[in-house]
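Here is the structure we will look at.
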Amino acid sequence: MRGRTTEEKSVIAQSLLDNVWEKLSNNEIAKPILHRCYDFREVEQAHREIDKGTHIGKILLAF
């Protein structure tokens, strides 16, 4: 956003207000699907799961 003009930023902000914020407040936008949460020490296993490509949803690392 730093490289944008004030006018461009204004258009983006208005678009967010018009298209996103109301839908978020009305729960019209679904929460992301969580496939699995790995402990950060299991990062290699998480990467193997991603590489398989069979997951649906997000794979997270937790601390």
Side-chain angles (χ1 to χ4, degrees):
M1 294 287 284
R2 276 182 255 156
R4 308 271 179 155
T5 66
T6 302
E7 184 177 306
E8 289 173 313
K9 290 177 186 179
S10 177
V11 169
I12 292 168
Q14 190 61 52
S15 180
L16 281 170
L17 285 171
D18 294 343
N19 300 301
V20 177
W21 296 127
E22 185 176 341
K23 290 179 181 179
L24 283 171
S25 66
N26 293 336
N27 293 321
E28 293 177 46
I29 296 177
K31 294 179 182 178
I33 297 169
L34 177 61
H35 178 75
R36 183 163 176 195
C37 184
Y38 287 91
D39 184 273
F40 76 98
R41 291 169 289 215
E42 299 174 309
V43 67
E44 289 181 30
Q45 289 174 281
H47 275 279
R48 281 195 293 274
E49 181 123 17
I50 292 169
D51 290 342
K52 284 193 298 186
T54 58
H55 64 285
I56 295 175
K58 304 296 182 184
I59 294 175
L60 301 178
L61 294 176
F63 291 93

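In what follows, residues are counted from 1 in the order of the sequence shown.
Within the 4.5 Å cutoff, the side chain of I12 has heavy atoms near those of the M1 side chain. The side-chain heavy atoms of Y38 and V43, taken from C-beta on, include no pair separated by under 4.5 Å. Contact check for E49 versus H35: side-chain heavy atoms found under the 4.5 Å cut-off.
Atom CG of L16 is separated from atom CD of E22 by 13.0 Å, given to the nearest 0.5 angstrom. Going from atom CD1 of I33 over to atom NE2 of H55 covers 11.0 Å, rounded to the nearest 0.5 Å. Taking CH2 of W21 as the reference point, atom CD1 of I29 lies at 9.0 Å (rounded to 0.5 Å). Residue E42 holds its CD atom at 12.5 Å from NE2 of H47, rounded to the nearest 0.5 Å.
Tracing side-chain contacts under 4.5 Å through hydrophobic residues (I, L, V, M, F, W, Y), one never reaches L60 starting from I50; they form parts of separate clusters. One hydrophobic cluster holds both L17 and V20 under the rule that ILVMFWY side chains link at heavy-atom gaps under 4.5 Å. No path of Ile, Leu, Val, Met, Phe, Trp and Tyr side chains, each step under 4.5 Å between heavy atoms, connects I59 with I56, placing them in separate hydrophobic clusters.
Around the CD atom of E7, the shell of radius 6.0 Å holds no more than 12 heavy atoms that belong to other residues, nucleotides or ligands. Within a 6.0 Å radius of CD in E8, other residues, nucleotides and ligands contribute more than 12 heavy atoms. Annotation for K9: atom NZ counts as buried by contact number, over 12 foreign heavy atoms lying within 6.0 Å. Counting non-hydrogen atoms of neighbouring residues, nucleotides and ligands closer than 6.0 angstrom, the CG atom of L24 exceeds 12 such neighbours.
A donor-acceptor pair under 3.5 Å links the side-chain atoms of D39 to the main chain of R41, judged by distance alone.
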